[in-house]
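One structure below.
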Amino acid sequence: MVSMKLVVVGGVAGGASAAARVRRLDAKAEIVILERGEHVSYSNCALPYYLSGTVADSDDLILMSPKSFQAQHQIEARTNSEVISIDRENKQVLVRDGRSGREYTESYDKLVLSPGAKPILPGSISGIDKEQVFTVRNVTDICALKSCLDKPDVKTVAVVGGGFIGIEIAENLVKDGKEVTLIEALDQILIPFDYDMVQILHKELDDHGVSLHLSSTVTAIEDGCVRVEKDGKEYTAPADAVVMAVGVTPETELARAAGLEIGDSGGMKVNHNYQTSDPDIYAVGDGIEIFRKLTHDHGRLALAGPAQWQARAAADHICGKAVRRKGYIGSSCLRVFDQNAASTGLNEREALKAGYSCDSVMVFPNDKLALMPDSHYMAFKLTFEVPTGLILGAQAIGRGETDKRIDVIAAMITMGASLEDVKELELCYSPVYSTAKDVVNQAALVGLNILEENFRQVHVDQVRSLVEQGACIVDVREPGEYKRGHLKGSINIPLSQLSDRMDEIPRDIPVYLHCRSSQRSYYAICRMQGNGYRNLFNISGSFLGISLYEYYNDKMMGREPILTQYNFN
């Protein structure tokens, strides 16, 4: 006996997960998935890795076939089946078979919409419809792009858009031996990261041969090149193929035509049970707007993890189980060649925009014990509310396990934690995995020092103006370190010589101290404050942070360096 008929529009993370969850809760339900494309369940996050051969066979991208859905879950999954309208009054959908063109109706008791989001193709770009222009949304798309790239005359590729998909596509194209140009309209890639942090990734792309064009827009696509505009000037970049990755927009046409409510962000509006304005129609995934925990508003979050949680919650409510919805903070990670990058919550820019009184700290501790041969710095930025110390967000970039550290902060944010909660958080330690005082502990301790006004700081983006103004900057690194590169006009008084040379440092003007990573300069400030100095500032991020921040900006803008030599170690 059938207890209920569920129809799911769209597969992949949202739709397929909702269908499978309902089956686990209701063994008698009739469940039908209607998927417009050729594949009902595939790893869309892994699509770029097929280009480089990291995923060797496109069939490996497909997670479940209609046959396996039927065999394992008794779910009927129909591909090439596009839902073209919803009849809410009669509770049925009109379906078009993509193979035969035949149209038919399918009834439902409950309907789940998981249409996803479609790539944006700006109509203002001349030649956007050329055959060498590609988007990446599904397995069919990535196979078409790969087929083009495998042609011997395709050597140069332009990737338009510096979001997650654009960066992953660019990396895998380079690994495939292509000459890659990456064009981004904003002044940085990857907007979850603050401008000071993302410079590390700009440098990483540059180090691996990606021609990065920021604050630039594509105006036309021609045979063999794209036309690019920057600061009112136009130039061309080589492009035998073009990948458009400028962003996505929710697929809401079906919902709009059915009279379902659309939110201010452009996604389908849903309640805490993921019901649309029609209580028998649910919606999940990239096509909806979600409640954001930290900003207390609604926005869109195109990530696979949240889509699966939404699908589970919607399925639970359909089957009569209670749903508890906490809101989303937005956690993500990616690899950019040799750097791992991760973020969670609000970056500093977003926190200020949301109206928070906030500050941040940037630290560069080692990701594991320095004695280990693969030890490396990890750039870590922690943003917190002033004066409560409430943790608002974090970003980490390095060769080590940045995702592990950001996952810790994500858990803390979800629980409403402050800097005090994190400073002595007990985390696993072994020399091959971390340091005894982990990156996250160190960042919280520095944050508390700033919050409690134990010392003052200036951020890395303020250093250039200090150098140009002739500010008193004291470098407390050892002489050999100073010789290998230093801020122009800085004074070298190593920490080991500070007690004997403290009188060389003026007391009547602001003094800015730094070392390699801000730790030794902090020690120096503590000692100097104990000797009556009051007008002291630590440079957040110190010489390593300054080098990483200034390098690509100097190269991109062609400006005079403020460093005698960059140092990235």
How would you list, by chain and number, every residue that makes a salt bridge (charged side-chain N to carboxylate O under 4.0 Å, His left out) with [X], sequence neighbours excluded?
| X | answer |
| --- | --- |
| Glu420 | Lys423 |
| Glu424 | none |
| Arg227 | Glu222, Glu234 |

Can you list every side-chain hydrogen bond (donor to acceptor under 3.5 Å, both in side chains) pair that touches residues 556-567, not counting sequence neighbours? Lys488-Glu560, Glu550-Arg559, Asp554-Arg559, Asp554-Tyr566
Which side-chain hydrogen bond (donor to acceptor under 3.5 Å, both in side chains) pairs, counting each pair once, include a residue from residues 429-445, with sequence neighbours left out? Arg405-Asp438
Using a distance-only test with no angle check, is there a side-chain donor-acceptor pair under 3.5 angstrom linking [X] and [Y]?
| X | Y | value |
| --- | --- | --- |
| Ser343 | Gln395 | no |
| Ser216 | Glu184 | no |
| Ser465 | Glu468 | no |

Counting only heavy atoms from other residues, nucleotides and ligands, does the tally under 6.0 Å from CD1 of Ile562 exceed 12? yes
Exceeds 12 heavy-atom contacts within 6.0 angstrom, atom CE of Met415: no
Between Tyr522 and Phe455, is the ring centre distance below 6.0 Å? yes
Pair Tyr235 + His213: ring centers closer than 6.0 Å: yes
Main chain of [Y], side chain of [X]: is a donor-acceptor contact present, judged purely on distance under 3.5 Å?
| X | Y | result |
| --- | --- | --- |
| Asn172 | Glu168 | yes |
| Gln457 | Ser360 | yes |
| Ser331 | Thr344 | no |
| Asn531 | Arg527 | yes |
| Asp374 | Lys368 | no |
| Lys146 | Leu51 | yes |
| Thr236 | Cys225 | no |
| Gln199 | Asp196 | no |
| Arg534 | Arg507 | no |
| Gln469 | Ala471 | no |

Could you work out, with side-chain hydrogen bond (donor to acceptor under 3.5 Å, both in side chains) as the rule, every residue matching [X], not counting sequence neighbours?
| X | answer |
| --- | --- |
| Thr402 | none |
| Glu504 | Arg501 |
| Thr156 | Asp240 |
| His459 | Asp359 |

cation_pi(Lys203, Tyr551) dist<6.0 Å, angle<=45: yes
Within 45 degrees of the axis of the six-membered ring of Phe537 and under 6.0 Å from its centre: does Arg456 put its NZ or CZ there? yes
Can you list the residues that meet the ring pair (Phe, Tyr, Trp, His ring centres under 6.0 Å) rule with His208, with sequence neighbours excluded? Phe337
Under the ring pair (Phe, Tyr, Trp, His ring centres under 6.0 Å) test, which residues partner Tyr50, sequence neighbours left out? none
A side-chain contact here means heavy atoms from C-beta on lying under 4.5 Å apart; do Leu205 and Ile189 qualify? yes
pair Leu392-Ile413: side-chain heavy atoms closer than 4.5 Å: no
Give me each pair satisfying salt bridge (Lys or Arg N to Asp or Glu O under 4.0 Å) with a member in residues 331-349, each pair once, sequence neighbours excluded. Glu171-Arg335, Asp194-Arg349, Glu348-Lys381
